[in-house]
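Note that the coordinates shown come from a computational prediction; the quantities given were computed from them, not determined experimentally.
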Protein chains: 2
Amino acid sequence: MDEVMIAQVRRFNRVVTQQVGALTDRFLARDRPLGESRLLWEIGSGSDGRDVRSLRTALDLDSGYVSRLLRSLEASGLVTTERSPADRRVTLARLTEAGEAEKDVLDERSDELATQLLEALNEGQRDRLVAAMAEVERLLTAATVRIAPADPEDPAARHCLRAYAAELNERFETGFDPGRSIRADAADLRPPAGLLLLATLHEAPVGCGALKFHGTEPAELKRMWVDGSARGLGVGRRLLAELERRATAAGAPAVRLETNAALTEAIALYRSAGYVETDAFNDEPYAHHWFEKALPPG
Amino acid sequence: MDEVMIAQVRRFNRVVTQQVGALTDRFLARDRPLGESRLLWEIGSGSDGRDVRSLRTALDLDSGYVSRLLRSLEASGLVTTERSPADRRVTLARLTEAGEAEKDVLDERSDELATQLLEALNEGQRDRLVAAMAEVERLLTAATVRIAPADPEDPAARHCLRAYAAELNERFETGFDPGRSIRADAADLRPPAGLLLLATLHEAPVGCGALKFHGTEPAELKRMWVDGSARGLGVGRRLLAELERRATAAGAPAVRLETNAALTEAIALYRSAGYVETDAFNDEPYAHHWFEKALPPG
DNA sequence: TCCATTCTCTGACTCTAGTCAGGTTTTTCC
DNA sequence: GGAAAAACCTGACTAGAGTCAGAGAATGGA
């Protein structure tokens, strides 16, 4: 890695944590511990109440700690809690009117902070700053996406596979019925028969991709999907590259896939990654295009 | 201010402080309180020792607190302190060999963190991230520069005025002797005769600019200077705009200035800000060009 | 010389943040 | 139905971060 780049990243980290980080904290904490403000903010204005479990994972806090913070917010009249009717073990937290007002104040202060930052700049600088911030945010998010194998029965993986099917059903002119399509069960996507890669951002699943191995025959690419919120971050490309690496490692001479004409971005991705359209190598009813890419010998 | 911009800045703040801030802290604190690591880092590798006072202002910490942190670092053998020979009230802190080694470890971890961030991206994304980070850093720094009037005898102002003279002396072919130039004493740059604006980044002075008023005659622009470290941030332009605003407020119909041909960036700035070259209106020996700009009636 | 100021240190605190080990109530799975 | 797991809560702690008042030594200015 280039030293100049590393130095730039470090300088950025220092400047940003000092200027933005410190300010943000100072603005958020107003006569109240920072933890409480953050929790207040995170509970947000959902009318249904936010379950404590999701608060814990979102803020990465100890369950006892969150419980105590909630008690304290309740004591100040900013939050109410109740047990969920659906599962009476889980607690739902909800902002009171005073809590909403307090959150609005935090919002305002946050806006104020941002405005103050922008005000010192002229219009051209402002535009460039905002554009650069968007770029940094996007790429930092992209850099945070982790790709790792997962079991197809794992809840996060199942979420992705369901979302995949739902999206196909929405986008295909004919809809999509998994029963009519060539099957790829959990067992097919689990080593040694195949494998499934999961892309996660923080703890949330944002994409997947799978392989079915066929010994010394080409491996089949399956279940490529990226969540809408994570598109444009290069997740698909990274999944594809990692799948190819693993196919090579498993001894496959090539990767094959079939796809539907409605999936234009996917097709563009395959082409730009070096996949070449070939004759149909199976009778998948939903497919319009078949692609193949030779792998370097592993 | 545009709502979209504000929203982007806020999103940036959230994402970046979470990802960068949290990581940085985690990396810096290794079996040692974060405060100590930060202090260790800030003391740095100067062979002369760092005076405790400057550490306090740099980290914005209570004097008692810093003292305690230093004791603790001393106890771990990472730092030595001694009284300054010049002023035996001030303490100088210096890293021991073990302290240097520890700082190197922190450096390495910081590099590692940056590398890890970049590694998840492909080459194109990496280049774009680094470029955007540089832009954000630069503009964030620019936005942090504050411009305010100051007394010409104030230490920070004197620093700027000295630096101004030193730079002219260096850049003018003939050198610069303030005695031969038209005078602008402290009294001339203090209301109501005139005024001095100071640009500061955090607490450090990085630029200045002054006006001498002449009743209903054009005001004279004097002592425009920007520190090398702050060039390219639009500080000069902001100083100029603010001086014009204040000249208008003081009832001046125009602003005039003379300048030397060696100061090419300054001349470019004046032209692009709407200044027009005129005949010589004084006999300043160091001047090659005279400019004037009409002000809107205040 | 003497008085105000500067610089640092110490002691005595407070508060926030966070951890850990149970314990209770529900729910789920077999 | 019963055991295991999940979700949350409480109590008891620890450590870090920081504040404040005051003391002592050195310095600078009148």
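For A:R190, the CZ atom is densely surrounded, since the number of other residues' heavy atoms within 6.0 Å is greater than 12. More than 12 heavy-atom neighbours from other residues, nucleotides or ligands sit within 6.0 angstrom of CZ on A:R10. The environment of B:R53 atom CZ is sparse: at most 12 non-hydrogen atoms of other residues, nucleotides or ligands sit within 6.0 angstrom. Sparse packing is recorded around CZ of A:R180, with 12 or fewer heavy atoms of other residues, nucleotides or ligands lying under 6.0 Å away.
The residues A:E137 and B:R14 are annotated as not salt-bridged, no charged nitrogen and carboxylate oxygen being separated by less than 4.0 angstrom. A salt bridge is defined here as a Lys NZ or Arg NE, NH1 or NH2 lying under 4.0 Å from an Asp or Glu carboxylate O, and A:K103 with A:D107 meets this definition. Salt-bridge check for B:R71 with B:E74: passed, with a basic side-chain N closer than 4.0 Å to an acidic carboxylate O.
Under 4.0 angstrom from either OP1 or OP2 of D:dC9 there lies at least one side-chain N or O belonging to A:T91.
Here the P atom of nucleotide D:dA12 and the CG atom of A:D62 are 17 Å apart, to the nearest Å. Note: CD (B:E36) to C1' (D:dA15) measures 12 Å, nearest angstrom. Spacing between atom CG of B:L39 and atom P of D:dG16 amounts to 15 Å, rounded to whole angstrom units.
Of the residues in residues 66-83 of chain A, those with a non-hydrogen atom less than 4.0 angstrom from any atom of DNA chain D are A:S67, A:R68, A:R71, A:R83. Sorted by residue number, the list of members of residues 48-58 of chain A with any non-hydrogen atom under 4.0 Å from DNA chain C is empty.
Contacts between chain A and DNA chain C, taken as any atom within less than 4.0 angstrom of a protein heavy atom, begin and end at C:dT16 to C:dT27.
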Please list, pair by pair, any protein nitrogen or oxygen found under 3.5 Å from a nitrogen or oxygen in nucleotides 27-30 of chain D.
residue : atom : partner : partner atom : Å
D:dT27  : OP1  : B:R88   : N            : 3.0

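Proximity of B:R83 to B:L92: side-chain heavy atoms (C-beta onward) are nowhere separated by under 4.5 Å. Looking at heavy atoms from C-beta onward, A:R32 lies in side-chain contact with A:L78 at the 4.5 angstrom threshold.
Of the two residues near DNA chain C, A:G64 and A:G35, the one whose nearest nucleotide lies more 5' is A:G35.
Remark: A:R89 pairs with A:D87 by the salt bridge (Lys or Arg N to Asp or Glu O under 4.0 Å) rule, at least two apart or across chains. Shown here are the side-chain contact (heavy atoms from CB on, under 4.5 Å) partners of A:L59, two or more places apart in sequence or in another chain: A:L39, A:E42, A:L61.
Checking B:E82 against B:T91 by side-chain atom types alone, no donor-acceptor pair falls below 3.5 Å. Residues B:S84 and B:R88 have side chains that never bring a donor and an acceptor to within less than 3.5 angstrom of each other.
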